[in-house]
*Asks:* 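Here it is: the structure, laid out below.
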There are 2 protein chains.
Amino acid sequence: MAQMKRMTNQRHAIQEIFGKTDRPLGVEEILQAGRKTVRSLNQATVYRNLKLLVEDGWLKKIDAPGVGPVYERAGKGHHHHFQCRSCDRIFEISGCGLNERIGTPPGFLTERHEVYLFGICSACRE
Amino acid sequence: MAQMKRMTNQRHAIQEIFGKTDRPLGVEEILQAGRKTVRSLNQATVYRNLKLLVEDGWLKKIDAPGVGPVYERAGKGHHHHFQCRSCDRIFEISGCGLNERIGTPPGFLTERHEVYLFGICSACRE
DNA sequence: GTCGTTGCAAAGCCTTTGCAGGGAA
DNA sequence: TTCCCTGCAAAGGCTTTGCAACGAC
């Protein structure tokens, strides 16, 4: 578990952003949104806080294929993600629909899985 | 489509590697394996040829979460991948196991999907 | 006053690119 | 001979790290 011993304006600003979004956010989005609250907010600070918040179990890092890492609140229950090939944004999708038993090779042990859907989001379809 | 106008020892060495493996390979693995045939093989050459072979439709690039990109022969039919958290190697798994009608949000259009299983491969379990 | 945090700049990775020489056709 | 391709080194993009100043408690 991380230190997280002091609450700063910067960290508070970053955490607040995740209360106002329903989709995972990338580093640059977080930086831009955070600067609306703390104008001096630095990239390195964002990286450091994201790392701490992940270690602390408050955030979850998602490595969606192709785009960089995105972050969402941890503890949301089992779900997967949709990635728009037009705007590159990631969206949360509910449910799972995967039969895990299928395909695990003999002798292998499957512990978890991730499903990514790719396509066009509703905003980009219009 | 790419140029690919001349066959070089370097490119031939890289292509040959994919005839001898049953799992997707990363850049470093390809470089090391290729140097067994062409000792002067350079990283930049590997990157350039991988890009050309993907554009040419001979290879497929897979962005597995967490590890860097890996490459496999194209045209293998619909399948997904297993990633070992011990050795980080990626394995091909047959079949799909995904219920197609899962969770695409209203207004979204799903065009394709990827499934990643994570766990321990048989070699690492021993 | 402590010492965790921040901003800035430098340093690290990984990947791409510029360039001159080399080799396939 | 042509000009695509390679090796090398430099440059890019993203992320991490060192360090002095700052500020939460």
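Every chain is numbered from 1, with letters handed out A, B, ... down the list of sequences. As the structure is a computational prediction, the values presented were derived from the model and not from experiment.
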*Asks:* Measure the CZ-CD1 distance between F82(A) and I120(A) for me, rounded to the nearest 0.5 Å.
*Replies:*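 Spacing of CZ (F82(A)) from CD1 (I120(A)) equals 7.0 Å.
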*Asks:* Rounded to whole Å, how long is the line connecting atom CG of L53(B) with atom P of dC4(D)?
*Replies:*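 Distance, rounded to whole Å: 17 Å.
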*Asks:* Taking five pairs at each end, how big is the angle between the two axes of the helix from dG1(C)-dC25(D) to dA25(C)-dT1(D), to 10°?
*Replies:*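 Rounded to the nearest 10 degrees, the bend comes out at 30°.
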*Asks:* Provide, to the nearest angstrom, the distance between the NZ atom belonging to K51(B) and the P atom belonging to dC5(D).
*Replies:*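 The distance from NZ of K51(B) to P of dC5(D) comes to 13 Å, rounded to the nearest Å.
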*Asks:* CG/D22(A) to CD/E92(A) distance, rounded to the nearest 0.5 angstrom?
*Replies:*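 One finds 8.0 Å between CG of D22(A) and CD of E92(A).
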*Asks:* Rounded to the nearest Å, what distance is computed from the CZ atom of residue R35(A) to the C1' atom of nucleotide dG7(C)?
*Replies:*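 That distance rounds to 10 Å.
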*Asks:* Do any side-chain nitrogens or oxygens of Q10(B) fall under 4.0 Å of OP1 or OP2 in dG7(D)?
*Replies:*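 For dG7(D), OP1/OP2 do have a side-chain N/O of Q10(B) under 4.0 Å.
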*Asks:* What integer distance in Å separates M7(B):CE from dG22(C):C1'?
*Replies:*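 Taking CE of M7(B) and C1' of dG22(C), I get 18 Å after rounding.
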*Asks:* Please report the C-alpha distance between N9(A) and T37(A) in whole Å, then the side-chain angles of each, then the deciding distance to 0.1 Å, and finally whether the side-chain contact (heavy atoms from CB on, under 4.5 Å) criterion is met.
*Replies:* CA-CA 8 Å; N9(A) 291 333; T37(A) 306; over 6 Å; no
*Asks:* What's the CG-C1' distance between L31(B) and dC8(D), to the nearest Å?
*Replies:*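 It is 14 Å, rounded to the nearest whole Å.
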*Asks:* On DNA chain C, compare the nucleotides closest to P69(B) and T8(B); which residue's is nearer the 5' end?
*Replies:*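 Result of the comparison: P69(B).
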*Asks:* Whole angstroms only, please: what is the CE-P distance between M4(A) and dC25(D)?
*Replies:*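 Rounded to whole Å, this separation is 12 Å.
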*Asks:* Any residue in residues 39-50 of chain B with a heavy atom nearer than 4.0 angstrom to DNA chain C? Just list them by number, or reply none.
*Replies:*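 Residues of residues 39-50 of chain B under 4.0 Å from DNA chain C: Q43(B), A44(B), Y47(B), R48(B).
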*Asks:* What closest approach, in Å, do R73(B) and K76(B) show between heavy atoms, and which atom pair accounts for it?
*Replies:*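 That closest heavy-atom pairing would be O-CG, 3.5 Å.
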*Asks:* Is there a donor-acceptor pair under 3.5 Å between the side chain of N49(A) and the backbone N or O of T45(A)?
*Replies:*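 Yes; at least one donor-acceptor contact below 3.5 Å.
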*Asks:* Over 60° means perpendicular and under 30° means parallel, so classify the ring planes of H113(A) and H78(A), tilted if in between.
*Replies:*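 Ring orientation of H78(A) relative to H113(A): perpendicular.
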*Asks:* Quickly work out the K5(A) NZ to dT6(C) C1' distance and round it to whole Å.
*Replies:*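 So the two atoms are 18 Å apart, to the nearest Å.
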*Asks:* Identify which nucleotide among dT6(C), dA24(D), dA25(C) has an atom closest to any side-chain atom of R11(A), counting heavy atoms from C-beta outward.
*Replies:*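 Minimum distance to the R11(A) side chain belongs to dT6(C).
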*Asks:* What pairs of donor and acceptor atoms, side-chain ones from residues 25-33 of chain B against any protein atom, are under 3.5 angstrom apart with sequence neighbours left out?
*Replies:*
{"residue": "E28(B)", "atom": "OE2", "partner": "Q32(B)", "partner atom": "NE2", "Å": "2.6"}
{"residue": "E29(B)", "atom": "OE1", "partner": "G26(B)", "partner atom": "N", "Å": "2.9"}
{"residue": "E29(B)", "atom": "OE2", "partner": "R23(B)", "partner atom": "NH1", "Å": "3.2"}
{"residue": "E29(B)", "atom": "OE2", "partner": "R23(B)", "partner atom": "NH2", "Å": "2.8"}

*Asks:* Please evaluate residues L117(A) and H80(A) with respect to the criterion side-chain contact (heavy atoms from CB on, under 4.5 Å), reporting the C-alpha separation (whole Å), side-chain torsions for both, the decisive distance (0.1 Å), and the verdict.
*Replies:* CA-CA 8 Å; L117(A) 304 186; H80(A) 296 297; over 6 Å; no
*Asks:* Would you kindly give the CD1-to-P distance between I14(B) and dG7(D), to the nearest whole Å?
*Replies:*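 These atoms are roughly 9 Å apart.
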*Asks:* Using 30° and 60° as the class limits, which term best fits the ring planes of Y116(B) and F118(B): parallel, tilted or perpendicular?
*Replies:*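 Tilted, since the angle between the ring planes falls between 30° and 60°.
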